[in-house]
Amino acid sequence: MKTSRIVRAAGQVALGAALLTAGKGHLTTRRQEFQAQVPKWFPADPDTVVVASGFVELALGAALLVTWRQPARRLLGTGVAAFFVGVFPGNIAQFVERKDGFGLDTDGKRALRLLGQPALVAWARAATRD
C-alpha cells in the first residue's frame, strides 16, 4: 500500500529530525538538563555521558534521513529502538531521584515521561519496517 509507505517514510524523517534536534541540544543549550537524566549510580561523568549520547543521537538522526533501502533501514530502526531502550534507565533515574529537567518538575510529569520511551521504541520500529 503506497499510503502506508509514505506515512512510514514521514515518520522516519520526523524521528531523524527529532534525534538531530535532541543531539544538538545535548551538545549545546540543553546540556545541563540532559545531565538530570544520568543516574547517580552510573559510573561515568554526567557531562561525558551527555556529550557521548548527543553524538550518538546525531549519528542516528542523520542515518535515518539517508537510509532507505531494506534491510539496512530495518536494521537501523532496530538500532534506534535499542538506543531508546538503553537510555531508559536515565528516565527512570530522573523519576526515582526526583530530578527536574525539561519542565519535568513534578513526580506526575516525570512518571508520564516514562510512558514516552516505549512510544519512541515503537515509532523507531514502525517507521523503518517494510
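Computed over heavy atoms, backbone and side chain alike; hydrogens, waters and symmetry mates excluded.
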Residue set satisfying ring-ring contact (aromatic ring centres under 6.0 Å, His included) with Phe88, at least two apart, ordered chain then number -> none
Minimum heavy-atom separation for [X] to [Y], with atom names?
| X | Y | value |
| --- | --- | --- |
| Val38 | Lys99 | O-NZ, 2.9 Å |
| Val49 | Ala44 | CG2-CB, 3.8 Å |
| Ala81 | Ala124 | N-CB, 3.8 Å |
| Gly11 | Trp123 | O-NE1, 3.0 Å |
| Gln12 | Thr67 | NE2-O, 2.7 Å |

Quick one: salt bridge (Lys or Arg N to Asp or Glu O under 4.0 Å) partners of [X], sequence neighbours excluded?
| X | value |
| --- | --- |
| Arg129 | none |
| Lys24 | none |
| Arg74 | Asp130 |

Give, for atom [atom1] of [X] and atom [atom2] of [Y], the distance between the pair rounded to the nearest 0.5 Å.
| X | Y | atom1 | atom2 | value |
| --- | --- | --- | --- | --- |
| Lys109 | Leu114 | NZ | CG | 15.0 Å |
| Thr106 | Arg98 | OG1 | CZ | 10.0 Å |
| Gln94 | Glu33 | CD | CD | 9.0 Å |
| Glu97 | Trp41 | CD | CH2 | 9.0 Å |
| Leu15 | Arg8 | CG | CZ | 14.5 Å |
| Phe83 | Glu57 | CZ | CD | 4.0 Å |

For the pair Thr128 and Val80, evaluate side-chain contact (heavy atoms from CB on, under 4.5 Å) and give the outcome as yes or no after the intermediate values. CA-CA 10 Å; Thr128 57; Val80 172; over 6 Å; no
What I want to check is whether the side chains of Thr78 and Arg125 have a donor and an acceptor closer together than 3.5 Å.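 Looking only at side-chain atoms, Arg125 and Thr78 do form a donor-acceptor pair, the distance falling under 3.5 Å.
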Would [X] end up clustered with [Y] when hydrophobic side chains under 4.5 Å apart are linked, directly or stepwise?
| X | Y | value |
| --- | --- | --- |
| Phe42 | Val50 | yes |
| Leu76 | Val56 | yes |
| Leu120 | Val87 | yes |

When you measure from the side chain of Thr21 to the backbone of Ala17, do you find a donor-acceptor pair of N or O atoms at a distance under 3.5 Å? yes
Under 30°, 30 to 60°, or over 60°: which ring-plane class applies to Phe34 and His26, parallel, tilted or perpendicular?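 Parallel, since the angle between the ring planes stays under 30°.
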Worked check of side-chain contact (heavy atoms from CB on, under 4.5 Å) between Phe102 and Gln37: CA-CA 10 Å; Phe102 304 105; Gln37 294 180 319; 4.1 Å; yes
Is there a side-chain contact (heavy atoms from CB on, under 4.5 Å) between Leu19 and Phe84 once you walk through the steps? CA-CA 11 Å; Leu19 281 166; Phe84 289 141; 3.9 Å; yes
Name all residues meeting the side chain to side chain donor-acceptor pair (under 3.5 Å) criterion together with Arg110; count only those two or more places apart in sequence or in a different chain, and write none if there are none.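 Applying side chain to side chain donor-acceptor pair (under 3.5 Å) to Arg110 gives Asp100, Asp107.
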Pair Leu104, Phe95 - check side-chain contact (heavy atoms from CB on, under 4.5 Å), show working. CA-CA 9 Å; Leu104 305 175; Phe95 174 74; over 6 Å; no
Any side-chain heavy-atom pair from Leu58 and Leu20 closer than 4.5 angstrom? yes
Are the side chains of Leu64 and Val13 in touch, meaning some heavy atoms are under 4.5 Å apart? no
If you draw a 6.0 Å radius around CD in Gln32, do more than 12 non-hydrogen atoms from other residues or ligands fall strictly inside? no
Co-members of the apolar cluster containing Leu112 [side chain, <4.5 Å]: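 Result for Leu112 is Leu115.
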